[in-house]
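To start, the structure under review is shown below, and the notes come after it.
By convention in this document, chain letters (A, B, ...) are assigned in the order of the sequence lines, proteins followed by strands, and residues within each chain are numbered from 1.
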Amino acid sequence: MNIKQWLADTLKTSISELYSNNEPLTLSIQETNKEFEGDFTLVCFPLTKLSRKKPFETAQEIGEFIKQKESNIENFNVVNGFLNISLTFEFWVNYFLTFTPNVTNTDNSKIHVMVEYSSPNTNKPLHLGHIRNNLLGASVAKVMSAAGYHVTKVNLVNDRGIHICKSMLAWQKAGKNETPASTGIKGDHLVGNYYVAFDKLLKAEANPLIEAALVKDYSKFNAEAVLKISAIVDRIELAKDDEKKEAALGELKMLINNQTPIMNEAQEMLRKWENGDTEVVNLWKTMNGWVYAGFEETYKKMGVTFDRFYYESNTYVLGKNIVEEGLNKGVLFKKDDNSVWIDLTADGLDQKLLLRGDGTSVYMTQDIGTAVLRNEELHCSKYVYVVGNEQDYHFKVLSLILQKLGYDWAKGIYHLSYGMVDLPTGKMKSREGTVVDADDLMELVVEEAKKKSEELGKNEDFTEAEKAVLYEQVGMAALKYFILKVDPKKRMIFNPSESIDINGNTGPFIQYAHTRIKSLIKKADGKVPQTFESSTLPNETTHRSLVRLLSQNQDIIEEAAKEYSPALVANHTYELAKSFNQFYHDFPILQEEDKNLAAFRLQLIEKIGATLRYNMDLLGIELPERM
RNA sequence: GGUCUCGUAGCUCAGUUGGAUAGAGCAACAGCCUUCUAAGCUGUGGGUCUUUGGUUCGAAUCCAAACGGGAUCACCA
């Protein structure tokens, strides 16, 4: 039962009766602020039009009317135009007896939702940004399942493209047949090293060319390139401000990079790969295999899983075919160099490339193919893509293109656009070596948990294996909670050197509250009395507010599903743990002499414990029995 | 430059279908372990909710403008 909804319905009926109103009413009902007495507050200012009285008098009048009419309403008080309503303690206790943390009565069960997250490139290891992506995606999927949706978790592996060829080429050139086994390096890191190595090789070739171009020595370039390059160099000279200069310089670098022999080799490799060249495909399979093994380890440590994997190497051909169809339908057009485009200028966007002049596909081509394939296989009514907000434009375009190609279901595409994770020094940049590696970070937080735990020395009787599990649980809880408590849409700042707090609004704080509950229940020999006499219980605000917090839990989960925001669950769970800790401090539970009251308290903390556990599971956080 | 997005305490964040005196945690300071786990609890200080204007009985929340961050406008993914 949803208490707020029940109260709203009751109030609507009563107010309509009181004022002989036949119009539909929307009431503003909120939880009563702490400094006032009451459970819920009806804001009466908007109702003065109905009552034709002053706010205070209106509230007073409504209060008297409903108190008389509804036996579950114990009392009311009026402050200005605010009507504070208290429900009877008996009502709360009866509610409490039926309480469960999980969402009941859902009508979402027939709605099939896909949640795509992680979606790594197979040319380098995962970093801090991916951690937010993975934790967010995994949690959103859980929250939506909890809210009753039928959820399919999908990982779209970005296993093809020029970036993969770069790692492969560098390995061929400088790899000396190194393998994860021969070096002891985790596969994704090894391949990542070669991606960096490619960049070095590229710079070695490109830098002299760039320097030459800047002093207008064009002898190394062909006639076509000279035209373009000289035009840019002129722009650099004429640039009025640093920003424009910088932009033009970037353009020059890109252009010259593409002129280098090694870049041509990479492009040639991509063409060979798309043509199914055995040698290239085999190398690709081998190196991807290393990366997958590495990712699997990282996923396991993060605790994220998938129902289904899609590989862009399997979908780009479909994407190309769809582009061909679009060309025939006249939705797309071809330029002189044979490249294929869509014109979205009428929709306020730009022209977008869908196929290169040499026939190879780009990011958008693959995404079109993937989207269509998934719709054929999954038939979801909603497709949630968990992807960073730097790709807002891409997804706007993707959805629009699909709709223009005649796919109506593309309206169900939702880009869950999350903010970037920044370091205190600013953005992570691979060029400056400030990228925080996912594996390193997880190791760091677990190490930090170990340090703290050893300082406290509460777990010296644990076996080494038990200790390892505990440190892992606490460290990962700190990391996961830290990331998930922040509104996904907002960019956030993460400081790895300060590591992660374990006091206050943190994962370990909630874990700790839970272990206290576990400990009490254990001390009661696991026996939680199932009944108590509710009429003799004292009406006390701490108990009451705990039951109120519990009563909000289902609503919070549904809201979190609707908003795609695990942060709502995280923050509510913290509120609950905090209130429990106060309660624990102020009231005896096992020590309580009134056995009836003790029974109620024990049952109360058991339900709080179950709720903490349920909610933390939605965040992918494990709770230790002891810590 | 166009488009999008964000701006709340020293720091990290809540709070936004418009409601009461804007909340937490961290950091600082002061207390609380002979009693169910002190990874806890209590208290103190800390705010022009970037600014200005508008709408309203009422604005951190809605609208407009300005200022300041960020993203994007790639034949990278």
Inset, instruction - Measure from the side chain of Asp501(A), starting at C-beta and using heavy atoms only, and say which of rA77(B), rC41(B), rC26(B) lies closest. - result: rC26(B)
Legend entry - Atom-pair distance (CG on Asn121(A); C1' on rA77(B)), nearest Å: 5 Å
Inset, instruction - Find which nucleotide of RNA chain B each of Arg160(A) and Asp392(A) is nearest to by heavy atoms, and output the residue with the more 5' nucleotide. - result: Asp392(A)
Legend entry - Atom-pair distance (OH on Tyr481(A); C1' on rA24(B)), nearest Å: 10 Å
Legend entry - Any-strand Watson-Crick or G-U partner of rG46(B), both distances under 3.5 Å: none
Legend entry - Closest to the Leu520(A) side chain, choosing from rG40(B), rC13(B), rC36(B): rC36(B)
Inset, instruction - State which of rC36(B), rA20(B), rC75(B) makes the closest approach to the side chain of Val362(A). - result: rC75(B)
Inset, instruction - Can you tell me, in whole Å, how much space there is between the P of rA71(B) and that of rA59(B)? - result: 35 Å
Legend entry - From CG (Asp501(A)) to CG (Asn495(A)), nearest 0.5 Å: 10.0 Å
Legend entry - Distance, P atom - from rG46(B) to rU5(B), rounded to whole angstrom: 36 Å
Inset, instruction - Rounded to whole angstrom, note down the P distance from rG53(B) over to rG70(B). - result: 28 Å
Inset, instruction - To the nearest Å, give me how far apart CG (Asp487(A)) and C1' (rC6(B)) are. - result: 11 Å
Legend entry - Lys228(A) atom NZ: more than 12 heavy-atom contacts under 6.0 Å: no
Legend entry - Separation of the C1' atoms in rA14(B) and rA22(B), to the nearest angstrom: 11 Å
Legend entry - G-U wobble or Watson-Crick pairing nucleotide for rC32(B) (cut-off 3.5 Å, both distances): rG40(B)
Legend entry - Pairwise C1' distance for rA38(B) and rG68(B), with rounding to whole Å: 44 Å
Legend entry - Phosphate contact (rC26(B) OP1 or OP2) by Asn503(A) side-chain N/O below 4.0 Å: no
Legend entry - Out of rG40(B), rA24(B), rA77(B), whichever nucleotide has its closest atom nearest the side chain of Asn581(A): rG40(B)
Legend entry - Phe45(A) aromatic ring stacked with six-membered ring of rG19(B), 5.5 Å and 30°: yes
Inset, instruction - Would you mind telling me which of rA24(B), rU21(B), rA74(B) lies closest to the side-chain atoms of Met254(A)? - result: rA74(B)
Inset, instruction - Check whether any side-chain nitrogen or oxygen of Gln366(A) sits under 4.0 Å from OP1 or OP2 of rA77(B), and answer yes or no. - result: no
Legend entry - Cation-pi, Tyr316(A) ring and Arg160(A) (6.0 angstrom, 45 degrees): yes
Legend entry - Phosphate-side-chain proximity, Lys522(A) and rC36(B), N/O vs OP1/OP2 below 4.0 Å: no
Inset, instruction - Report yes if at least one side-chain N or O of Lys578(A) is closer than 4.0 Å to OP1 or OP2 of rG25(B); otherwise report no. - result: yes
Inset, instruction - Determine the sole option in Val78(A), Thr58(A), Leu83(A) for which the side chain to side chain contact (heavy atoms under 4.5 Å, CB included) test with Leu42(A) is passed. - result: Leu83(A)
Legend entry - Interatomic distance at C1', rG31(B) relative to rC67(B), whole Å: 45 Å
Legend entry - Selected nucleotide, minimal atom distance to Lys396(A) side chain, candidates rU72(B), rG19(B), rU3(B): rU3(B)
Legend entry - Closest nucleotide among rA71(B), rG25(B), rU42(B) to the Gln582(A) side chain: rU42(B)
Inset, instruction - When you get a sec, tell me which of rA77(B), rC73(B), rG40(B) is the closest nucleotide to the side chain of Asp350(A)? - result: rC73(B)
Legend entry - Upstream residue (5' side of RNA chain B) when Asn505(A) and Leu83(A) are each assigned their closest nucleotide: Leu83(A)
Inset, instruction - Quote, to the nearest angstrom, the P distance that separates rG43(B) from rG23(B). - result: 14 Å
Inset, instruction - Would you indicate which nucleotide in rG40(B), rG25(B), rA20(B) comes nearest to any side-chain atom of Asn84(A)? - result: rA20(B)
Inset, instruction - Quick one: look up who rC76(B) pairs with, Watson-Crick or G-U, both distances under 3.5 Å, and put none if it's unpaired. - result: none
Inset, instruction - Provide, to the nearest angstrom, the distance between the CG atom belonging to Asn389(A) and the P atom belonging to rA77(B). - result: 20 Å
Inset, instruction - Measure centre to centre between the rings of Phe494(A) and Phe482(A), then say whether the value is under 6.0 Å. - result: yes
Inset, instruction - Report yes if at least one side-chain N or O of Arg356(A) is closer than 4.0 Å to OP1 or OP2 of rA74(B); otherwise report no. - result: no
Inset, instruction - Take the protein atom NZ of Lys489(A) and the nucleotide atom C1' of rU5(B), then report the distance between them rounded to whole Å. - result: 12 Å
Legend entry - Rounded distance (Å) that lies between atom C1' of rA14(B) and atom NE2 of His572(A): 14 Å
Inset, instruction - Output yes if the stacking criterion (under 5.5 Å between centres, under 30° between planes) is met for Tyr584(A) over the base of rG40(B), else no. - result: no
Inset, instruction - Could you let me know what rG7(B) is paired to, Watson-Crick or G-U wobble, both distances under 3.5 Å, or none if it's on its own? - result: rC67(B)
Inset, instruction - Using the P atoms only, state how far rU8(B) lies from rU61(B), rounded to an integer number of Å. - result: 13 Å
Legend entry - Residues that Phe40(A) engages under ring-ring contact (aromatic ring centres under 6.0 Å, His included), provided they are two or more places apart: none
Legend entry - For atom CZ of Phe482(A) and atom P of rC26(B), their distance in whole Å: 13 Å
Inset, instruction - Could you check which of rC6(B), rA38(B), rC75(B) has an atom nearest any side-chain atom of Lys490(A)? - result: rC6(B)
Legend entry - Stepwise side chain to side chain contact (heavy atoms under 4.5 Å, CB included) check, Leu27(A) with Leu47(A): CA-CA 9 Å; Leu27(A) 299 178; Leu47(A) 296 168; 4.0 Å; yes
